[in-house]
Amino acid sequence: MDGVGYRRNAYIYLTVFVISTLSLLPARMLEKMMEAFDGEKVIEQFEEMTRDAERVQKETLKKILEENGSAEYLQNLGLNGRTDPQSFKDCVPLVYHDDLESYIQRIADGASSPILTGKPIKTISLSSGTTQGRPKLIPFNDELLETTMQIYRTSFAFRNKEFPIRNGKALQFIYSSKQFKTKGGLAAGTATTNVYRSAKFKSTMKTIQSQCCSPDEVIFGPDFHQSLYCHLLCGLIFRDEVQFVFSTFAHSIVHAFRTFELVWEELCGDIRDGVLSSRVTALSIRTAMSKILKPNPELADLIYQKCAGLSNWYGLIPELFPNAQYIYGIMTGSMEPYLKKLRHYAGHLPLMSADYGSSEGWVGANVNPMLPPEMATFVVLPNIGYFEFIPLKENSQDQEQEGDGGAIVAKENKPVGLTEVKVGEVYEIIVTNVAGLYRYRLGDLVKVMGFHNATPELKFMCRSNLLLSINIDKNTEKDLQLAVEAAGNVLAAEKLEVVEFTSHVDLSREPGHYVIFWEISGEAKGEVLGECCNCLDRAFLDAGYMSSRKVNAIGALELRVVGKGTFHKIMNHYLSLGAAVSQYKTPRCVSPANTTVLQILCANVVKSYFSTAF
């Protein structure tokens with residue numbers, strides 16, 4: 001499952017997964033549920049549950065431990081049938097994915113005994129792999145699907161109060177990758193792929209009046225670029241029926257409309273003549289599109305006029321889709337840098353952030369959909385898992401750097417329960433879910449913004465293990481994002497923008513230094529990029545970094561500008577490893593071990609600048 005709100009920097013789980021997992025239910029059950037769907041009742045149940053969050057948490061933990069007590073992992077820890085929170089914390093250690101990898105691999109290899117769960121795991125989900133350079137295997141089961149159902153029902157009820165969905169379609173930039181069988185015969189694939197290949201997906205989307213404009217052949221197309229072109233074409237064909245625009249992550253929507261800027265005249269030509277462009281070569285896609293695409297000179301002329309009348313493509317989305325009500329997807333965390341461009345395309349349409357979760361499980365629902373993405377909060381549902389929170393102190397002496405990933409961990413602070421967190425404080429989330437993960441460190445840092453009844457409202461802050469650090473400095477992904485935003489303002493004065501960025505710690509020579517890679521929208525003068533480099537260096541406000549720079553314990557920051565299309569090469573690399581476009585997120589910090597991505601970046605550098613700020 002994939003996250004929403006932002007997980008793995010955007011780190012949050014996939015909203016289309018939320019919606020579409022309904023399709024895995026038997027048809028009769030699905031019909032009964034949809035007929036009985038009552039948004040007000042769902043909200044009422046949510047309010048009742050969150051008022052008694054502590055009791056619900058205890059019951060949830062008890063249920064998880066009772067159902068999985070026969071699992072080898074729990075048996076070896078000596079719980080001996082105890083299900084109370086204190087015994088659980090005393091016996092079960094905090095773990096990272098690496099600690100469970102051998103157990104999950106045995107499941108994937110076909111071990112028949114109960115290893116992590118009482119019932120056999122039959123499906124494996126793959127994370128995007130952009131955080132650590134390779135996908136992680138994550139257990140998935142029917143119980144986890146049920147939590148998906150609950151998140152869906154909750155967020156849909158609140159969202160529908162503000163923007164009721166009428167009969168129509170959704171322009172969804174969604175893509176599938178190949179499924180495969182593990183050594184033990186388990187179905188494995190990205191969460192999106194597993195869902196899109198469900199026979200009930202299409203009928204479910206239609207039931208909730210969110211049917212995708214594009215046929216299945218486009219979603220399952222063998223080539224991402226061809227599928228994207230046809231998603232755009234289908235959206236234009238059904239432009240009057242489009243109710244909202246969706247993709248898993250904000251950057252996918254931005255990329256789609258950047259592509260539109262390049263191919264809009266070709267799309268108009270396809271619509272005018274009723275003949276699909278020769279750029280689409282996949283027979284399955286061409287056959288499916290031939291049933292939709294018919295000559296329509298009037299529509300082609302209308303779209304041409306709309307595009308020709310825009311100023312720098314501002315308000316493109318509502319101009320193309322006059323009945324669209326909002327733009328929807330994961331927009332927090334590492335997706336925030338794309339919001340400025342997305343708002344440019346969206347014009348007056350609101351941006352609505354999706355729910356918060358990860359491949360490992362759900363955390364919370366967005367029950368305040370009208371908040372702008374930068375202010376989005378997620379209310380933890382106390383019955384979808386058992387949650388603990390490690391307090392993270394501002395004081396560096398309370399923190400240590402652990403392992404090769406440089407994860408920030410609060411060594412001297414014990415986890416607190418869901419209802420024990422304090423407003424204004426930052427925590428690392430610990431999850432115990434229904435699919436065999438116990439006291440699992442997600443690696444997400446969240447801030448408690450308030451409470452909804454007795455359960456906290458969380459704001460995603462950043463990933464704890466995406467860290468730039470050489471000496472005593474500690475800069476998170478959020479720090480990097482703010483630095484890029486500050487330097488991007490210098491570039492904006494020249495009517496240019498940062499298209500994509502990432503970072504790297506270069507320790508190949510003494511002293512080590514930060515390297516920031518930029519792909520920009522056009523040619524910039526050397527003095528402008530030099531000032532951008534200085535601005536980046538000054539924008540890292542961490543006291544450890546600034547003091548280290550002043551005494552040359554950290555070398556001058558380096559800005560490397562890469563050629564156009566470099567970050568697409570990086571994306572293609574991850575796709576070749578089995579990642580899905582729907583789950584892909586640009587890695588914001590590239591470790592030395594991620595040699596292929598580093599090679600792609602370094603091979604495409606066209607200009608390089610060193611800071612003179614210190």
Side-chain angles (χ1 to χ4, degrees), residues 1-21 125 127-131 148 151-152 154-156 158-159 170-175 190-192 195 210 244-257 326-343 345-346 349-379 429 442-446 458-463 466 477-478 481 500 571 574 579-588:
M1 218 172 21
D2 270 275
V4 188
Y6 208 152
R7 170 83 170 112
R8 300 289 184 258
N9 275 338
Y11 329 101
I12 332 290
Y13 189 51
L14 199 49
T15 298
V16 70
F17 186 30
V18 176
I19 297 173
S20 60
T21 41
S125 290
S127 69
S128 62
T130 51
T131 299
T148 302
I151 286 281
Y152 160 71
T154 302
S155 60
F156 183 78
F158 281 94
R159 193 166 66 250
L171 174 53
Q172 300 189 39
F173 296 103
I174 54 179
Y175 313 90
T190 61
T192 47
V195 170
S210 301
F244 64 93
V245 177
F246 168 83
S247 192
T248 311
F249 295 119
H251 82 79
S252 296
I253 305 175
V254 170
H255 175 65
F257 288 103
Y326 55 84
I327 317 296
Y328 190 52
I330 293 172
M331 299 180 186
T332 53
S334 64
M335 292 299 110
E336 287 189 21
Y338 303 99
L339 294 181
K340 182 178 180 181
K341 188 66 174 179
L342 187 53
R343 285 193 171 101
Y345 287 134
L349 292 179
L351 306 184
M352 299 178 65
S353 191
D355 303 310
Y356 174 31
S358 67
S359 298
E360 292 89 344
W362 288 96
V363 176
N366 183 357
V367 302
N368 298 296
M370 294 303 291
L371 287 176
E374 295 90 342
M375 298 175 63
T377 60
F378 307 94
V379 176
I429 299 184
L442 282 182
D444 288 359
L445 301 184
V446 297
L458 307 178
K459 177 179 174 61
F460 177 83
M461 300 299 289
C462 63
R463 293 282 296 151
L466 290 178
E477 180 181 10
K478 185 65 175 180
Q481 178 183 316
E500 274 290 7
M571 180 179 72
Y574 282 108
V581 175
S582 296
Q583 289 182 224
Y584 175 76
K585 301 175 292 293
T586 300
R588 293 301 185 208

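We use all heavy atoms of the structure for the numbers below, so side chains are in, but hydrogens, waters and symmetry mates are not.
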Novice: Please enumerate all residues that pass ring-ring contact (aromatic ring centres under 6.0 Å, His included) together with Phe257, with sequence neighbours excluded.
Specialist: Phe173, Tyr345

Novice: Say you draw a straight line from CD of Gln481 to CD of Glu336; how long is it, rounded to the nearest 0.5 Å?
Specialist: 5.0 Å

Novice: Check Ala346 against Ile327 and note the closest heavy-atom contact, atom names and distance.
Specialist: CB-CG1, 4.0 Å

Novice: Do Leu349 and Phe244 have side chains that get closer than 4.5 Å, going by heavy atoms?
Specialist: no

Novice: Would you give the length of the straight line joining atom CG of Leu351 to atom CG of Leu342, rounded to the nearest 0.5 angstrom?
Specialist: 4.5 Å

Novice: What distance do Leu458 atom CG and Leu445 atom CG have between them, rounded to the nearest 0.5 Å?
Specialist: 12.0 Å

Novice: Asp444 side chain to Ile429 main-chain N or O, any donor-acceptor pair under 3.5 Å?
Specialist: no

Novice: Can you tell me how far apart CG (Asn368) and OG (Ser353) are? Round to the nearest 0.5 Å.
Specialist: 11.5 Å

Novice: For Lys459, what residues pass the salt bridge (charged side-chain N to carboxylate O under 4.0 Å, His left out) criterion, not counting sequence neighbours?
Specialist: none

Novice: Which pair of heavy atoms, one from Met461 and one from Lys478, lies closest together, and at what distance?
Specialist: O-CB, 4.2 Å

Novice: Let me confirm one number: the CZ-CD1 distance from Phe246 to Ile174, rounded to the nearest 0.5 Å.
Specialist: 7.5 Å

Novice: What class does the angle between the rings of Phe378 and Tyr356 fall in, given that below 30° is parallel, 30 to 60° is tilted and above 60° is perpendicular?
Specialist: tilted

Novice: Grab the two heavy atoms, one from His251 and one from Lys585, that are nearest each other, plus how far apart they are.
Specialist: NE2-CA, 4.2 Å

Novice: Looking only at heavy atoms, which two atoms of Pro372 and Arg343 are closest? And how far apart?
Specialist: CB-NH2, 3.9 Å

Novice: Please verify the inter-ring angle class for Tyr326 with Tyr328; under 30° counts as parallel, over 60° as perpendicular, anything in between as tilted.
Specialist: perpendicular

Novice: Where do Ser247 and Ile253 come nearest, in terms of heavy atoms and distance?
Specialist: CB-CG1, 3.5 Å

Novice: Tyr338: what forms a side chain to side chain donor-acceptor pair (under 3.5 Å) with it, not counting sequence neighbours?
Specialist: Glu500, Arg588

